[in-house]
S.K.: 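Starting off with a structure, shown below.
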Amino acid sequence: MKLKIALLAGDGIGPEVIDQAVKVCDAIAQKFNHEIEWMPALTGAAAIDSVGEPYPDETHEICINADAVLFGAIGHPRFDNDPSAKVRPEQGLLKMRKKLGLFANVRPTFTFPSLIEKSPLKKERIEGTDLVFLRELTGGIYFGERGRKDDGNTAFDTCTYTRSEIQRLAKKGFELAMTRSKKLCCVDKANVLESSRLWRETVQAMEKDYPEVEVAYEFVDAVAMRLVQWPNSYDVLITENLFGDILTDEASVISGSMGLMPSASVGAEIGLYEPIHGSFPQATGKDIANPLATVLSAAMMFEMSFGLHEEGGLIRKVVDQSLAEGVVTEDLVEAGGKACKTSEVGDYLATKIV
Ligand code: IPM
Ligand code: MN
């Protein structure tokens, strides 16, 4: 099969972890007789520096001509500490999500038996955890009206949702639940927010179309608490953009390291695959970042964009092998243990794909 993949390495550790995913994908292509055309493009601070804009039109052109996008990370501390910056790397990510119609962000949290002791939570609380968040990605407070008034002394951001935005996200949630344990949790703040009441009303109205799915409605504050108490009680969760942003960071460390969890953003034809972690500026260029989240994002790409499940499965298998054999970066090494470099983990994974 011919696979056209836009490659957006981005900022910070993005290029380093993307390099490892490329090694792994190339090894997969060789084994299964696929031909990958990598289409590199600029994004984030790197794009601001070279063309003054974090998601340039040329990059968008490359993305829409690809079958899928593999993305590293975006963000740079020099913008974080400057609230007055007019152009910011993160704007590129938001623009890209909007322009590519990526309204559903799929963020799984699962555990690896060999890492169970690395979790900040007790073993008996996390064993068996296998949940997926579907975070709405192109609406809500991220894209609502915002501004300043009263001579700059008052600021506002607005959370707006339409029924159809909620329906299309919830539909994906119900469909995903049907392929799993048929349990769906709608996370909102319907005791306070009108937009949340519209979420709840819309999802309730859809229940009759999926009679086998058992739907629970929970408030976001309670979910934040239960996620650390009983993460294994959840299966598929749907939620709006900002709640999803916060809860998926919380959920991502349950497995033992933030460097492990992949994600997919889908909606229209093109899917985008990226690690949940950010650009980790402190580690940039040191060859120490964990590449597994990006490699697992590539597995999701094979499965979800190309329907290549055997390929995705093999990537997951060699990742499990690297963890079991202790071929891991320093975030996963016990005190006194030996850490591998980012590039060594990538090399190991690629050579195990035979
Ligand atoms: C994420 C990130 C982004 C978000 C930032 C970088 C804009 O935190 O993908 O979760 O808030 O959506
Ligand atoms: Mn986030």
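Atoms within each ligand, like the ligands themselves, are counted from 1 in listed order. In this chain, residues are counted from 1 in sequence order.
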S.K.: Which N/O/S atom belongs to Asp245 and is the closest one to the Mn ion (ligand 2)?
M.R.: OD1
S.K.: For atom 9 (O) of ligand 1, tell me which residue out of Arg97, Arg88, Gln91, Glu90 has the closest non-hydrogen atom.
M.R.: Arg97
S.K.: Heavy-atom contacts under 4.0 Å between Arg107 and ligand 1: side chain, backbone, both, or neither?
M.R.: side chain
S.K.: Do any N/O/S atoms of Asp249 come under 2.8 Å of the Mn ion (ligand 2)?
M.R.: no
S.K.: Does the distance from a Lys or Arg side-chain N to an Asp or Glu carboxylate O, for Arg163 and Glu201, drop under 4.0 Å?
M.R.: yes
S.K.: How close does the nearest protein non-hydrogen atom get to atom 11 (O) of ligand 1, and which residue and atom is it?
M.R.: Tyr142 OH, 2.5 Å
S.K.: Strictly below 4.0 Å, N to O, side chains only: are Arg197 and Glu194 in salt-bridge contact?
M.R.: yes
S.K.: Please work out which of the three classes, parallel, tilted or perpendicular, describes the rings of His76 and Phe79, given edges at 30° and 60°.
M.R.: perpendicular
S.K.: Looking at ligand 1, does any of its N/O atoms fall within less than 3.5 Å of an N/O of Asp245?
M.R.: yes
S.K.: With under 30° as parallel and over 60° as perpendicular, where do the rings of Phe174 and Tyr210 fit, or are they tilted in between?
M.R.: parallel
S.K.: Do Tyr217 and Phe219 have ring centroids that are under 6.0 Å from one another?
M.R.: no
